[in-house]
Amino acid sequence: MNKADIVDVLEDIAVLLELKGENPFKIRAYSGGARVLETMEDDLGEVIAEGRLGSIKGVGSALVDKIETLYATGELEYYTKLRASIAPGLIEMLDIPGLGGKKVKKLHDALGVESIDALKAACEAGEVSALKGFGKKSEEKILTGIANRAAYAKRHLWWDARTVAEPILAGLRDLPQVEQAEAAGSLRRLKETVGDLDFIVASSEPQPVMDWFVGQDSVQEVTAHGETKSSVRFESGLQADLRVVPMAQFAFALHHFTGSKEHNVAMRQRALSRGYSLSEWGLKPSSNSGSGELEVEPSTGSAQESGELEVSSEQELFEFLGLQAIPPELREGMGEVERYEQGGDSVPSLLELSQVRGVFHNHTTASDGRGTIEEMAEAAEALGFDYLGLADHSKASYQANGLDDARVLKQLEQIRAYNESGESGLHVFAGIECDILPDGSLDLEDSTLAALDYAVMSVHSSFSQSEDEMTARVIRAIEHPGTVMLGHPTGRILLRRESYKIDLQKVIDAAIANKVIIEINANPKRLDMDWRLWRRAAEKGLMCAINPDAHKTEGLAHYAAGVNIARKGGIPAEQILNCRDCAGVAQWFAERR
DNA sequence: GCCGTTTTCGGCCCGACTGTTTTCAGTCG
């Protein structure tokens, strides 16, 4: 069994234990173990072979046994038995807001409900409100939750969520009572998808701010309207929370609600190890620090006098804990606290939008795009780019009006003519998005590929091949001398279509060995290759290109989403082709030939 | 289940909110 499957099993065990009413710390040990495994950068097979699994923090002897058994046999008796003991419907119930492991267990034990339908019937019969610990409101809340389950459970593309969030943030900042306002949560961390929106406001007059927030035209439902917190839901099912705090707490609240949860745990542990207790409300000497370093007067009155610390920004908070400021997009609990403690080379300098001088992999009216060569070039110039790469589909993508060899060469002529016309200061590189056929051969003649400036190779068919077949197929394409870039390497469509089965580590190694670039497809629905893989891959030497895959002029702006992913992946600018000037790009293409 | 420059046992991040309660458990982020 491979690492990703083992991670799934460990996460599954954690959920099942929750429904068993197990010790929460035991549950955390399993989900923590899953997390550690998921973010481990070494090859699992090697780690096991070298007997290093147990020395990883968060993996103790019980987890070592289970992970090794799963790796070797693909099965685990403990897991099989655990699964068999719990009805699958109970797991689904955890998606209903307000229901956690304990309440689901109680509903099951007391009423025998094993499915959402049975739970709904029990609520309608009034059986749930009769239970101790539940009441009329719980019953109604469960029924609403069941009715809206699909919409509430849905995540949203970062790009879409940002479109909703921006005017709200601007509106908050316009209010006279608001001293400072920021969006927090996964939106601020630039995650590829966002569950809900979080806004943090500093104000000494919360009420008018709350009233404005819940009174927005687009609000469909107000789910909370308190003094420090309000929650609303929009028609799309997207939920937004607003928290208003005094200015002195703003940095703490912003840090806390930016998360991630794992990052916060790491930060709090760090604070504790230095004798402080960190929360969204502040930083104070911990009651059981016992370090003796702190002179705390237990009898003094106010929080200030008892040693509560003030910071005016997140930066000061990090500095107080001996860290360089960790950018929000890196706060994923993936070792960033340790890296930012060490400083130096372990701290990446993150890509800025302004460093991007052009983009590759865009379409025109020749295949399935909506803009002509001239229109796309003009839009690229308006974005401040020095160059634009055009890469239309090849003929196997029949549904996309893909180009055969003759049409490719004709378009090449047109692009050359455009460049020679002196019509614009922008240079257009002539490329193609060539299909990787099911056997790994390419959809165009070698001579056609050689005539172009570059080629992006992509899989657009036979998604259901086995992992071995798909991996071999893509590696064969990477080894072809005409290949400059690999397009969207997993084929995933966020929130809609899973990745096809492929061993990306092998693909990454092959790309490095053949000096082939892997793209970050910056279409907000793809963001493929995934940011989680980039840091390690870049360290090994992989080159990256940020490719908006624009099908119309407006789509070029999506390169910003690709910049987000490059930042999250900590890819240095030297390894991003888009940061080179026109001559540098041309040289890269020439050297690949 | 994991972990340990005071601990191999007894902790484990922290606090608000909700709905249910007469003092708090469960959920959530």
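Numbers restart at 1 for each chain; the letters A, B, ... are given by sequence-line order, proteins then strands. Predicted model, so just to flag it, every value in this text is computed and none were measured.
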Engineer: For B:dC12 and B:dG19, measure between their P atoms and round to the nearest Å.
Structural biologist: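 Result for the P pair: 29 Å, nearest Å.
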Engineer: Grab the CD1-C1' distance between A:Ile27 and B:dT27 for me, whole Å please.
Structural biologist: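 Distance check: A:Ile27 CD1 to B:dT27 C1' gives 13 Å.
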Engineer: Is there a donor-acceptor contact under 3.5 Å linking the side chains of A:Arg526 and A:His558?
Structural biologist: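 Not at all, the side chains of A:Arg526 and A:His558 share no donor-acceptor pair under 3.5 Å.
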Engineer: Report the distance from atom CD1 of A:Ile56 to atom P of B:dC3, rounded to the nearest whole Å.
Structural biologist: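 These atoms are roughly 10 Å apart.
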Engineer: Expressed in whole Å, how much space separates the P atoms belonging to B:dT22 and B:dC9?
Structural biologist: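 After rounding to an integer number of Å, I get 39 Å for this pair.
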Engineer: Sugar-phosphate means primed atoms, P, OP1 and OP2; the rest is base. With that split, encode nucleotides 13-20 of chain B 5' to 3' as B, S or - using protein heavy atoms under 4.0 Å.
Structural biologist: BBSSSSSS
Engineer: Could you tell me how far B:dT20 sits from B:dC24 if I compare only their C1' atoms? Round to whole Å.
Structural biologist: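 Pairwise C1' distance, B:dC24 against B:dT20, rounds to 9 Å.
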Engineer: Under 4.0 Å between a Lys/Arg side-chain N and an Asp/Glu carboxylate O for A:Lys102 and A:Glu22?
Structural biologist: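 Not counted as a salt bridge, because no side-chain N and carboxylate O are separated by less than 4.0 Å.
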Engineer: Paired with B:dT8 by Watson-Crick or G-U wobble geometry, both distances under 3.5 Å: which nucleotide is it?
Structural biologist: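 Paired with no nucleotide.
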Engineer: On DNA chain B, compare the nucleotides closest to A:Phe257 and A:Leu63; which residue's is nearer the 5' end?
Structural biologist: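 First, find each residue's nearest nucleotide; the 5'-ward one identifies A:Leu63.
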Engineer: Looking at side-chain heavy atoms only, is the closest gap between A:Pro348 and A:Arg535 below 4.5 Å?
Structural biologist: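 No - every pair of side-chain heavy atoms lies 4.5 Å or more apart.
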Engineer: May I ask you to say whether A:Glu11 pairs ionically with A:Arg35, meaning some side-chain N is under 4.0 Å from a carboxylate O?
Structural biologist: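 Salt bridge absent between A:Glu11 and A:Arg35.
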Engineer: Whole angstroms only, please: what is the NZ-C1' distance between A:Lys105 and B:dG26?
Structural biologist: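 After rounding, the reported distance stands at 15 Å.
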Engineer: For nucleotides B:dG29 and B:dT21, find the distance between their P atoms and express it as a whole number of Å.
Structural biologist: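 It comes out at 24 Å once rounded to the nearest Å.
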Engineer: Out of A:Val9, A:Leu76, A:Asp12, A:Ile13, which one pairs with A:Arg83 under the side-chain contact (heavy atoms from CB on, under 4.5 Å) rule?
Structural biologist: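 For A:Arg83, the side-chain contact (heavy atoms from CB on, under 4.5 Å) check succeeds only for A:Asp12.
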Engineer: Find out whether A:Asp198 and A:Thr258 are in side-chain contact, i.e. whether some heavy atom of one side chain is under 4.5 Å from a heavy atom of the other.
Structural biologist: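 In short, these two side chains do not touch, never coming nearer than 4.5 Å.
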Engineer: Whole angstroms only, please: what is the CD1-P distance between A:Ile67 and B:dG1?
Structural biologist: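 My rounded result for the distance is 13 Å.
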Engineer: A:Leu82 CG to B:dG1 P: how many Å, rounded?
Structural biologist: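 Result: 11 Å.
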Engineer: Quickly, which of A:Arg189, A:Arg188, A:Arg567 forms a salt bridge (charged side-chain N to carboxylate O under 4.0 Å, His left out) with A:Glu329? Name it, please.
Structural biologist: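 Filter result, single survivor: A:Arg567.
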Engineer: To the nearest Å, how far apart are A:Asp95 CG and B:dC28 P?
Structural biologist: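 So the CG-P distance, A:Asp95 to B:dC28, works out to 10 Å.
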Engineer: Determine the contact category for A:Gly185: base if any of its heavy atoms lies under 4.0 Å from a base atom, sugar-phosphate if only primed atoms, P, OP1 or OP2 are that close, otherwise nothing.
Structural biologist: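 If one applies the 4.0 Å heavy-atom cut-off, A:Gly185 turns out to touch nothing in the nucleic acid.
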Engineer: Taking atom C1' in both B:dT8 and B:dG15, compute the distance separating them and give it to the nearest angstrom.
Structural biologist: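 Their C1' atoms lie roughly 31 Å apart.
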Engineer: How would you label the contact of A:Leu99 with the nucleic acid (heavy atoms, under 4.0 Å): base, sugar-phosphate, or nothing?
Structural biologist: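 Since only primed, P, OP1 and OP2 atoms lie under 4.0 Å of A:Leu99, the category is sugar-phosphate.
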Engineer: May I ask you to say what A:Pro24 touches in the nucleic acid, namely base, sugar-phosphate or nothing, with a heavy-atom cut-off under 4.0 Å?
Structural biologist: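 Contact class for A:Pro24: none.
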Engineer: Would you mind classifying the nucleic acid contact of A:Asp241 as base, sugar-phosphate or nothing, using non-hydrogen atoms under 4.0 angstrom?
Structural biologist: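 No contact.
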Engineer: Using the C1' atom in both, what is the distance from B:dA16 to B:dG11, to the nearest Å?
Structural biologist: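 About 24 Å, rounded to a whole number of Å.
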Engineer: Taking the C1' atom of each, how far is B:dC14 from B:dT7, in whole Å?
Structural biologist: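 Taking atom C1' in both B:dC14 and B:dT7, they lie 23 Å apart.
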Engineer: Looking only at atom types and distance, does a side-chain atom of A:Glu336 sit under 3.5 Å from a main-chain N or O of A:Met334, one as donor and one as acceptor?
Structural biologist: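 Between the backbone of A:Met334 and the side chain of A:Glu336 there is a qualifying donor-acceptor contact (under 3.5 Å).
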Engineer: Which value, in whole Å, describes the distance between the P atoms of nucleotides B:dT18 and B:dC13?
Structural biologist: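 Nearest-Å result for B:dT18 against B:dC13 at atom P: 25 Å.
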Engineer: Would you mind reading off the distance between A:Met93 atom CE and B:dG26 atom P, rounded to a whole angstrom?
Structural biologist: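 So the two atoms are 18 Å apart, to the nearest Å.
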